[in-house]
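Both counts, for ligands and for their atoms, begin at 1 and track the order of listing. For this chain, numbers begin at 1 and follow the sequence in order.
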Amino acid sequence: MLQRKLLSVFLLYAFLLPTVAFGQAAAPASYQAPKDVIDKIKDEGTNRSQVMQTLSYLTDVIGARLTGSPQMKRANEWTRDQMAKWGLQNAKLEAWGPFGRGWTLKSFDAQVVAPYGIPLLAYPKAWSPSTKGAVTADVVYFNAKTDAELEKYKGQLRGKIVLISEPRSLKAVDAALSSRYTDEELTKLAAAPNPATDAPRPQQATPSPEQAQRFQQQQQQRAMAGKIMNFVLQEGAAVLLDNSRLGSGGTIFVSGATVAQDVPANPQDRPIRLSPQQKEAEAKMLPQMTVATEHYNRLVRMINQGEKLRMTVNIQAEYNDNDPMSYNTTAEIPGSDPKLKDEVVMLGGHMDSWHSSTGATDNAAGVAVAMEAVRILQTLGLKPRRTIRVGLWSGEEQGLFGSRAYVKQHFGEMQDTSAAAGQPAKRELVKKPEYEKLSAYYNLDNGTGKIRGVYQQGNAAVAPIFRSWLEPFKDMGATTLTLANTGGTDHLAFDAIGLPGFQFIQDEIEYDTRTHHSNQDNYDRLQADDMKQAATIMAAFVYQTAMMDEKIPRKAMR
Ligand SMILES: [Zn+2]
């Protein structure tokens, strides 16, 4: 799942886009698999599951899967080969891009060496440049919130190791780190209004004075952060340390390196932002790492007490430049009905991860569950009428890039039509022939928690279909349908062009508190029974979608 910050940017864009309203189509005749078929799916998924074996290989053996890295490519190839071994057809890699360069950490070492040795819990940020060997230098706490304060550091930072963020106060963790949906919460979710019809978006929302002020503050903070990054780069700092933005007790949340962005000479011009995976960004980044909050806070407190700290940092990483393209893995169970086999039902999740652990809950879980779902169907020899296709995406963490590229290549995209004189430009859906061939896409990317239901994404017509499909899984805890939207992951790529894309409702477990984007996102945080349940339900949903006389109803785009 995408970082919440990025997610809010997407939501903002969705908000600012010209209104794309969705009407509702009438529900087609559903298909209900016979009880013995559902029982077989349950039996295979529960008693002969391979989902944890798949997860161990993806996480323990292949490891972190940063988009563009050799490990990501290895995961692409391994999942392709594994699905081919299970008997799936057309197992292949599909290129998209260019994405940019990969990044592989070779070695890392960081500690305080004076006044005495203090080992640190820390990780380099993805795409951080290497240090020039082991750097031993004085540590400076950079505490500037205004231009005047910034000036005080002029000439003070060359060759120094710089603490760039503020300390973050921690409170005792008195709430459970792990949670599951209560009946009450699910009831509330089920009663959510239809985002497509019940809450029409105003064309141009006028922000309240508080919102406007908050927005202005955020803009100022962002502008200041941008200035600081340029300043420390120009001043020649050796290494930047920042504070884990969340977590405690050894959990560190680490993502991509920060790039110093050029400020346009004309403030009216839109800045061209560089991403850390772009080659041109390398000269605009300092070596940088994220430190566990308890350790970061202590360093700041020691400096504030007047202590002179020295640290040694050695970041050795390699950029992978030989292939700027990235890849999704796809594989199929071909359809058996001569009239319907050209139509497709898709399922999947993103395979790329951040790098400080092994991306177990974000999102080897979704990948392994989708693979297991098709393994169950393949093993049982069920012959779906439509083709079932798995899509394992990359570049999700940087902005749903892999699934968006796939949707654009296969199904279509929203394009700006040129505006007539005096008229605003319009967004228009430009379809590919495959657009009419897709029934639905099912995504799993909310961690290790079992499936509790489905987000309908404003599609009211699917309710009777999904309700009957959930019925045999009530005893496994999956009961809830909500009209509500959910975001932050790859079903949005399909939904954005009016194709039925769904994400399942999953128990939270430790997703936000501990695992997603942290150094603790490892195999041991995966819940085996939850993963088996999810694969079983996904298999049944995908199979039944492939067996219907008609496709899953779509939200009409107006
Ligand atoms: Zn994520």
Strictly under 2.8 Å, is the Zn ion (ligand 1) approached by any N, O or S atom of [X]?
| X | value |
| --- | --- |
| Glu397 | yes |
| Asp362 | yes |
| His516 | no |

*Under the salt bridge (charged side-chain N to carboxylate O under 4.0 Å, His left out) rule, collect the residues that match up with Lys432, sequence neighbours excluded.*
none
*Any salt bridge between Arg404 and Asp490, counting N to O under 4.0 Å?*
no
_Ignoring hydrogens and geometry beyond distance, is a side-chain donor-acceptor pair present between Glu94 and Thr330 at under 3.5 Å?_
yes
*Please list, chain by chain and in numerical order, all residues satisfying ring pair (Phe, Tyr, Trp, His ring centres under 6.0 Å) with Phe473, sequence neighbours excluded.*
none
